[in-house]
Protein chains: 4
Amino acid sequence: MNSNSSIRSKILPLRVRLREETNKAILQAAEQVFGSQGLGGARMEDIAARAGVAVGTLYNHFHDRDALLSELIVSRRHELARRLDEELRRGESADFARQLEGFVAALLSHFEEHRPFLSILLESEHSRTAPVGARGARPNAALVEVYKRVQQLLERGIAARALRHDDADLHSVFLMGLLRSVLARELYAPTQVPIAERAPQIAAFFLRGAERR
Amino acid sequence: MNSNSSIRSKILPLRVRLREETNKAILQAAEQVFGSQGLGGARMEDIAARAGVAVGTLYNHFHDRDALLSELIVSRRHELARRLDEELRRGESADFARQLEGFVAALLSHFEEHRPFLSILLESEHSRTAPVGARGARPNAALVEVYKRVQQLLERGIAARALRHDDADLHSVFLMGLLRSVLARELYAPTQVPIAERAPQIAAFFLRGAERR
Amino acid sequence: MNSNSSIRSKILPLRVRLREETNKAILQAAEQVFGSQGLGGARMEDIAARAGVAVGTLYNHFHDRDALLSELIVSRRHELARRLDEELRRGESADFARQLEGFVAALLSHFEEHRPFLSILLESEHSRTAPVGARGARPNAALVEVYKRVQQLLERGIAARALRHDDADLHSVFLMGLLRSVLARELYAPTQVPIAERAPQIAAFFLRGAERR
Amino acid sequence: MNSNSSIRSKILPLRVRLREETNKAILQAAEQVFGSQGLGGARMEDIAARAGVAVGTLYNHFHDRDALLSELIVSRRHELARRLDEELRRGESADFARQLEGFVAALLSHFEEHRPFLSILLESEHSRTAPVGARGARPNAALVEVYKRVQQLLERGIAARALRHDDADLHSVFLMGLLRSVLARELYAPTQVPIAERAPQIAAFFLRGAERR
DNA sequence: GATGAATGAGGCTTCATTCAT
DNA sequence: AATGAATGAAGCCTCATTCAT
């Protein structure tokens, strides 16, 4: 290894690391601004200011406003999916009631810790913002990810004969509705109790509603 | 009452009636445009065009864009509230299960017939569009009206010992969640079945989840 | 004719006339600004200022900057084409040398009276500004119009046996080159003599160069 | 001269040579990008990319965008001037018709081999890009160089009594116009024949147009 | 000297609102 | 009261230039 290559092996990663830092800072700023000002109200200038960079820098990292929002959601969606998958794996051998409660608790906790993201998701579900040619990731694709995992969970419940097998489709809609409803209330009329404590009640309610007998 | 006043009582109402007509036409146009373009995407010019009037006319009837949206929601909210109240009255003497199902069916039917309004409501629930000092009617106040009636209904259920009295608060959140979730699915991924047919399933699910024993 | 229709027949044309006025004012302002600042350097704000309107007004009349430039050129091109056609018609029965000189003189005079337009034309001939999907009128389409008439004229010359019939294509290129060159010099290094006085010299030069014998 | 200085005379030139290499690479890249994207559309980043260097490097070699363009034109202008001067020298003793044809052919060949430069020249003739205080070399100064040699050539023609002596000024304008027109056509509507083959036609046309008798 | 990320002035465009007719 | 053209504040985005490494 000559000095040239050793310089490169240090210098390039440095630049790359700094670039990553900025990227993260921008995403974080965007999360907060989109979360508080809304999908339509967030201004690029505000995001830049909060990230501590110039507007132009935003465009060095993201193609345009839409791309920034998309990539923000994609990135946060990954974290969420990872957490839910982990929870699903962890519960694999437990009885269904426990799995359900664990899943619900994980979901609630995650959003409790990521309120701005929750806010963005809830708004993006209905916004007609995204242009037609949105590349790949429609903003609310994140909810689809949750949906998939809810379905996966409920299939386990059916297999374990803990849930009725008819109305299976509707039941995932129901569970999503319960979760969403509780989360939305938390967002707009925060209670003092940690939201994850609602998990047993939600799980129990759902279970009684959907159970086999 | 002299003849003069009797003339007035005929002539003025004519103007008033014409004004009312325009008002209605604008509200209807606004409903469709806000519904299809979204709360942020609806343009005053589009609304005017669809109503068949000039932009200026919108401002002769409504103070500004926000007022138009507010009054639109207020007006549609009244219809909805009336319908739900009627349903509540009609069911007064029936057993709770029947009342619940009737209420759910009424709600679903109403929105099935007023999809643009549904769309507006779902979006307005999370939009940060409205300025801080919105006079009186925050856009999503309409959901509050539904909420009140749901609570009223559930109180009857508790009184009739058909529902547990603990978790009463949470249960209205739950029922709202179920309804919202089913309606949202209908809006974004319409099924072929009339949505009101879901009422029995929703009611039954809720009842099992919340029933006393 | 009732009062309503008579009002309309006066009021509508009024608005229309006013609109036309503004349109013309904008086109004139655009001609001067594009002419003096160049195709790339002309700013919408400057055009608005010179037209005595707000920026927004530009967009009430033209879709965007490109459309404004296009329509400006189209409009000026019509005037030019009209003038040349008239000259061609007028000369129909004259001998070719006279026709040629008349045509050249008309062209030079026209541009002498419309220097900003000349400037725009000369620049637009080489600018790579126009986006791919330019609707119909590429900026330099105006030169094509001149070209067509030059060809028409030269065909007459050939028919009248005043010009050689070989090299006909090249000869229109040559005549355009002579004209363009003289006009460009006039634009960038104005002489004191009225430019149309050059017509005899140009026509004679061309005639000797292209004549049959 | 001691050994030290002899080392310097070898080592320094190395650095100088490397610097020269980069300089050339940048100019070549600039030529292609300015040529294809236009004077206004060429982006520093594109030039850097094509040259295989970083943007910053452009600024290590040229003061700013204008300077880069200027120096590009200056450098290409030298090549052109050299070629024309050589041609003028070579023809010195030939009869004027031959000199004229040789000159025209040389000019056409040169531009046939340097189309991007031709494109830049044609555009720069009319662009109002250059700031007022451009240091020394206005972009289109290159055409002035051609102009001077054309005048020189025509003076020989007059001296040799091959050209009329009146209208001498106008004749150089004419010859430039013919050349420019043919070159522009070649650029925007390329024919299949080598452009230099047009030389006899152009020369003959001009000669008939401008000859003494 | 090379690098390339950061900068921010500056241009284009949109659209809610106003106002003269 | 209706009309619709005019207004201009505000937002997005580009790109020449700078500068720390």
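Here the structure is a predicted model, which means the values were calculated and not measured. Naming: A, B, ... by sequence-line order, numbering from 1 per chain.
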In terms of the nearest nucleotide of DNA chain F, which residue is placed more toward the 5' end: G56(A) or G56(C)?
G56(C)
How would you list, by chain and number, every residue that makes a side chain to side chain donor-acceptor pair (under 3.5 Å) with E123(C), sequence neighbours excluded?
R128(D)
On a plain distance test, is the side chain of R15(A) in donor-acceptor contact with the base of dT3(E) below 3.5 Å?
yes
Counting only heavy atoms and a strict 4.0 angstrom limit, can you tell me which residues of residues 41-50 of chain D come near DNA chain F?
A42(D), R43(D), M44(D)
According to side-chain hydrogen bond (donor to acceptor under 3.5 Å, both in side chains), does anything in residues 28-42 of chain A pair up with another residue at least two apart or in another chain? List the pairs.
E31(A)-R76(A), Q32(A)-R50(A)
Atom CG of D66(D) and atom C1' of dA16(F): how far apart are they, to the nearest Å?
10 Å
Determine: side-chain N/O of T57(D) to OP1/OP2 of dT3(E), distance under 4.0 Å, yes or no.
yes
Check whether any side-chain N or O of T22(A) sits under 4.0 Å from OP1 or OP2 of dA5(E), and answer yes or no.
no
Would you please confirm or rule out a distance under 4.0 Å between OP1 or OP2 of dA1(F) and any side-chain N or O of H61(B)?
no
Rounded to the nearest angstrom, tell me the gap between atom CZ in R19(A) and atom P in dA20(F).
19 Å
When rounded to whole Å, the CD to P distance for the pair E21(C) and dA6(F) reads 11 Å
On the side chain of N60(A), is there an atom forming a donor-acceptor pair with the base of dA6(E) - under 3.5 Å, no angle test?
yes
Which whole-number value in Å describes the distance from E20(C) CD to dA5(F) P?
11 Å
Contact under 4.0 Å: Y59(A) side-chain N or O vs dT14(F) OP1/OP2
no
List in numerical order all residues of residues 25-38 of chain A for which some heavy atom is under 4.0 Å away from an atom belonging to DNA chain F.
none
Distance-only criterion, 3.5 Å: show the donor-acceptor pairs between side-chain atoms of residues 38-45 of chain A and protein atoms not counting sequence neighbours.
| unit_1 | atom_1 | unit_2 | atom_2 | d |
| --- | --- | --- | --- | --- |
| R43(A) | NH1 | D46(A) | OD1 | 2.8 |
| R43(A) | NH1 | D46(A) | OD2 | 3.0 |
| R43(A) | NH2 | E45(A) | OE1 | 3.1 |

Expressed in angstrom and rounded to an integer, what is the separation of L58(C) atom CG from dC15(E) atom C1'?
15 Å
Please list, chain by chain and in numerical order, all residues satisfying side chain to side chain donor-acceptor pair (under 3.5 Å) with N60(C), sequence neighbours excluded.
none
For DNA chain E, list all stems, counting runs of three or more consecutive pairs where every pair is Watson-Crick or G-U wobble with both distances under 3.5 Å.
E:2-21 with F:2-21
Can a side chain N or O of H63(A) be found less than 4.0 Å away from OP1 or OP2 on dC13(F)?
no
How close or far is atom C1' of dA6(E) from atom CG of N23(A), stated in whole angstroms?
14 Å
When all nucleic acid strands are considered with a 4.0 Å heavy-atom cut-off, which category describes V55(D): base, sugar-phosphate, or nothing?
base
